[in-house]
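Data first, discussion second: the structure below is written as C-alpha cells.
It should be emphasised that the depicted structure is a prediction, and the values quoted were computed from it without experimental measurement. Proteins come first, then strands; the chains are lettered A, B, ... in the order of their sequence lines, and each starts at number 1.
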Amino acid sequence: MRERSAAVLEGAQGAPRVAPDAAWFTRSPQEVALGLLDAHVRAKSADGAVTVRLSEVEAYGGADDPGSHAFRGRTARNAAMFGPPGHVYVYFTYGMHWCANLVTGPDGEASAVLLRAGEVVEGVELARTRRPTSRTDRDLASGPARLANALGIRGGHDGADALDPGGAVSLRVREVPAGGVAGGPRTGVSGDGGLARYPWRYRLEGDPTVSRYRAA
DNA sequence: CTCGAGATGGCCT
DNA sequence: GGCCATCTCGAGT
C-alpha cells in the first residue's frame, strides 16, 4: 500500500518556537503529535547538548488502543504513561534499543507520542560520537531508537519533566503548527485495522530525515 | 537505492 | 515461551 502525501509546513515557516506548558500536552495524543512536528527537542548531559528537529511522530492511546503499551493496563514499565503530561516516557525494546515518548492527556490517563525521527540541529558532533554507525548525518536520528540514542536518552530519563526549560530534556514547539501532514501506517497493529482505524503516524512529507522503516 | 536476516533481553501471559 | 513501537550489515538491482 502506498502512502498519500499532503502539504507541508504551511504557515509554520518562520513561526517562532515556544516552550509548551502542561495545558499544551493535556490534549489528545493525535493533536499533540501534530503540534510536535517541526518542534525542537533538546537533551543535555555532561557531554553537552543535542537538539533534534522532529520530522516524524506517532500517537498512542491507552486502554482503547491495541497498539499501546498501556492497552493492558498499568505496569511498572509503562507507569510514566499514566503520569502527568509533558513528561518523558522511555522504554527498552528488542533487547537493544531505547525509545522516547512524551506523555499526553490528563494525569492518570495513559497516552503518549513516540518520537520517531528528526534532524540533528545542535550538537551534531556529539550525536556522531553516539551514533558511529551513521553513514550520513541524516541517519543520526532517522528512527525512534536512533533519535533517542542521538539525544543520549536512556532508561534514566523515564519520567523526566520535559516542561522544565532547565531540565535534562526540554522542548520548543512551533507557535503555529506545521500542519498538513499525512497520517501513515502504524507499526504494532496487525491486520487491516492498522491504518484504517489508527492512522496516527505523522511526518513532515518529503523531509529527508523521516525514518525509512514503514509498517508492511 | 532496495531487500532479507540475525541479534538480543525485558516484559507479559 | 512468545512477543516485540528496531537497527545494522551484506548482497542484489
Side-chain angles (χ1 to χ4, degrees), chain A residues 1-3 28-30 32-34 36-37 41 52 54-83 87-105 110-120 127-159 181-203 206-216:
Chain A
M1 181 190 299
R2 287 291 154 203
E3 300 167 48
S28 72
Q30 294 90 339
V32 173
L34 282 167
L36 283 171
L37 287 169
V41 182
V52 168
L54 296 176
S55 61
E56 184 176 341
V57 296
E58 182 164 352
Y60 285 88
D64 55 335
D65 180 359
S68 171
H69 281 176
F71 182 55
R72 290 185 177 79
R74 181 176 188 147
T75 66
R77 178 210 208 187
N78 65 24
M81 271 186 88
F82 290 79
H87 286 229
V88 182
Y89 165 48
V90 182
Y91 64 87
F92 191 61
T93 190
Y94 286 98
M96 286 171 272
H97 306 301
W98 297 100
C99 294
N101 303 253
L102 292 169
V103 177
T104 66
S111 59
V113 174
L114 172 68
L115 310 183
R116 294 199 57 88
E119 174 196 9
V120 175
R128 286 186 191 130
T129 66
R130 289 171 173 165
R131 301 229 46 232
T133 54
S134 286
R135 291 185 154 274
T136 68
D137 284 350
R138 91 163 45 160
D139 290 330
L140 286 172
S142 60
R146 294 172 172 184
L147 185 152
N149 195 359
L151 285 172
I153 291 179
R154 323 193 70 235
H157 291 83
D158 190 40
V181 177
R186 303 182 78 195
T187 53
V189 180
S190 59
D192 56 63
L195 175 57
R197 284 167 42 212
Y198 301 96
W200 294 348
R201 192 162 170 173
Y202 306 102
R203 58 187 154 19
D207 192 296
T209 60
V210 301
S211 82
R212 57 185 272 254
Y213 301 105
R214 308 240 164 106

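Stretches of at least 3 consecutive Watson-Crick or G-U wobble pairs, with each checked distance under 3.5 Å, appear in DNA chain C as B:1-7 with C:6-12, B:9-12 with C:1-4.
Following rounding to the nearest Å, A/Met96 (CE) and C/dA5 (P) show an atom-to-atom distance of 13 Å. C/dA5 atom C1' lies 6 Å from atom CD of A/Glu58, rounded to whole Å. To the nearest angstrom, P of C/dA5 lies 12 Å from CG of A/Asn101. Atom CG of A/Asp139 and atom P of C/dT6 are 16 Å apart (whole Å). Between the NE2 atom of A/His97 and the P atom of C/dT8 there is a distance of 7 Å, given to the nearest Å. Between the CD atom of A/Glu56 and the C1' atom of C/dA5 there is a distance of 11 Å, given to the nearest Å.
Checked against ring pair (Phe, Tyr, Trp, His ring centres under 6.0 Å), A/Phe82 has no partners two or more places apart in sequence or in another chain.
The structure places OH of A/Tyr89 at 6.5 Å from CE of A/Met81, a figure rounded to the nearest 0.5 Å.
The environment of CZ in A/Arg138 is sparse: at most 12 heavy-atom neighbours from other residues, nucleotides or ligands sit within 6.0 Å.
The base of C/dA5 is paired with the side chain of A/Tyr91 by a donor and an acceptor separated by under 3.5 Å.
Distances were taken from every side-chain heavy atom of A/Met81 (C-beta onward) to each of C/dC7, C/dT8, C/dA5; the shortest belongs to C/dA5.
Two rings, from A/Tyr91 and A/His69, have their centers less than 6.0 Å apart.
Looking at A/Asp158, its side chain does come within 3.5 Å of a backbone N or O of A/Val90 through a donor-acceptor pair.
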Grab the N/O contacts between the protein and nucleotides 10-13 of chain B below 3.5 Å, and write none if there aren't any.
from	atom 1	to	atom 2	distance (Å)
B/dC12	OP1	A/Thr75	OG1	2.5
B/dT13	OP1	A/Arg72	NE	3.2

